[in-house]
Enquirer: 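Mind looking over this structure? Questions follow.
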Amino acid sequence: MPDVAPADAPLILWFRRDLRLADHPMLAAAVAAGRPLVPVFILDPETERLGAAAKWRLGLGVAAFAETLAALGSRLILRRGPALAVLEALLDQTGAAGVHWSRAYDPAGQARDTAVKAALKARGVQAVSHPGHLLHEPWTVETGQGGFYRVYTPFWKAVQGRDVMAPPPPPKALRAPGGWPASDRLDDWQMGAAMRRGAAVVAGHVAVGEAAALERLHRFLSGPVQDYATARDLPAVQGTSRLSENLTCGEIGPRTIWHAGMRARHEGKAGAETFLKELVWREFAYHLLHHTPHITHANWKPEWDAFPWRKDNADAERWRRGLTGEPFVDAAMREMYVTGTMHNRGRMIVASYLTKHLLTDWRVGAAWFDDCLTDWDPAANAMGWQWAAGSGPDASPYFRIFNPATQAEKFDPDATYRRRFIAELSRAPGPDALAYFDAVPESWQLNPKAAYPAPLIGLAAGRDRALAAYSARNS
DNA sequence: AGCCCGTTACA
DNA sequence: GTAACGGGC
């Protein structure tokens, strides 16, 4: 639409999970428009619904981003309520010419954004959504037949040779409006309320903000990337970039990571290609989420609706508490409580154990990850759980059941990881193992001196039971 | 991005 | 005896 608003009418920049200055197409476009800018973060119902750890972590990101904006002579206005109502009030208060944001790809976010865009356009103001969260818009990657990809490897082949937009540089200054609209105080939002005791423990393991994210990227590419292909599988080793936490809040853009990874590959750094492939796994998850949004809540393959998953149950509660008696499983579950993240190897093992050995619905596990992960991502969590359960695309066949003991021998041969997180296995437990008891709810009444529990189910018996349930459904 | 068991090849 | 490999789950 033609821009007929007065020249000094500001633009509202609606920030969501894009809390950065660099590699930010929306911000670059808004700065180029030359108008005063009113950055806003809205605690809307969709954001309120985040899991405890994700919401707490997002709050830290918002605080850091507000400081970043302040250093540029701008501000981050905080408002709470349904997004459309908040934006309409801000439009009235500022006389803004329009609202810009970076696109969301999850079903709830998309539904919200579609309604907001329609309503704003009906008011006669600009409503512009921009790319930025992904390397490529999901609808632009197509198979030869014009469909979407269901299998990772062809997706990777389609994506690896594509040009990725060069990241726009960060703006040096942001033009302030003549006056600032009122802002809530972040502390009043209590975004960490649901974390209870856990926040104090997990706080020691986060790296918040754009500068911290870039530091992680550069540290990784200047060393650990060389061993990434093998070290990434060892949970006792810090062999990964750990950027998932920053990516999910948008404190770093995927295009920045892509170009840095490509440079490392050109420089002949071993592991760089494997690293790029992991970034493309994230991209693939969003591709699937866009084309099959039911992946978040329903079996991706509907024939799995007949499978007799157990709903939530006492075994699943033991799993949540890191008390299955299976050391690799419990170490990983406790790692999540202590650090807010879980090593990828651990995620595959605990998901296999819950869905196969404990025959429990993958949605029970996915819901727990929603609540506990500071790096929670709607696309990756859904794809990962369905991959593990066997109900997803490009999924492991059902019979691919992880054996936690075999996995431990292969990937944690000296038990460093298991002992790091399970106090009961050491006479002198280390700080991470003890921190678990400080992080969990007091109502669990856990104590590091208690005996480590016997396994919930034998590994062979659990495997046989899962295979039997599967073949009963297929005969 | 698995596991397990049977077979085979070779020390 | 044990490592490597393949097929079926």
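By convention in this document, chain letters (A, B, ...) are assigned in the order of the sequence lines, proteins followed by strands, and residues within each chain are numbered from 1. All values below come from the heavy atoms of this structure, side chains included, with hydrogens, waters and symmetry mates left out.
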Enquirer: Scan for side chain to side chain donor-acceptor pair (under 3.5 Å) pairs involving residues 162-171 of chain A, sequence neighbours excluded, and state none if there are none.
Expert: A/H136-A/R162, A/T140-A/R162

Enquirer: Got a sec, which residues hit ring pair (Phe, Tyr, Trp, His ring centres under 6.0 Å) with A/W156, two or more places apart in sequence or on another chain?
Expert: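 Scan of A/W156 (ring pair (Phe, Tyr, Trp, His ring centres under 6.0 Å), adjacent residues dropped) gives none.
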
Enquirer: If you walk 5' to 3' along DNA chain B, what is the first nucleotide with an atom under 4.0 Å of a heavy atom in chain A, and what is the last?
Expert: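 Reading along DNA chain B, I get B/dA1 to B/dC4.
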
Enquirer: Go through A/D412 and A/R345 one step at a time and tell me if the salt bridge (charged side-chain N to carboxylate O under 4.0 Å, His left out) criterion holds.
Expert: CA-CA 10 Å; A/D412 185 36; A/R345 178 61 44 191; over 6 Å; no

Enquirer: Any salt bridge between A/R321 and A/E317, counting N to O under 4.0 Å?
Expert: yes

Enquirer: Heavy atoms only, 4.0 Å cut-off, all strands: where does A/K410 land among base, sugar-phosphate and nothing?
Expert: sugar-phosphate

Enquirer: Remember a base hit wins even if backbone is also touched, and classify A/R347 as base, sugar-phosphate or nothing at under 4.0 Å, heavy atoms.
Expert: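 Result for A/R347 = nothing.
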
Enquirer: Going by an N to O cut-off under 4.0 Å, is there a salt bridge joining A/R320 and A/D312?
Expert: yes

Enquirer: Looking across every strand, which nucleic acid part, if any, lies under 4.0 Å from A/R463 by heavy atom: base, sugar-phosphate, or nothing?
Expert: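 Base, at least one base heavy atom under 4.0 Å.
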
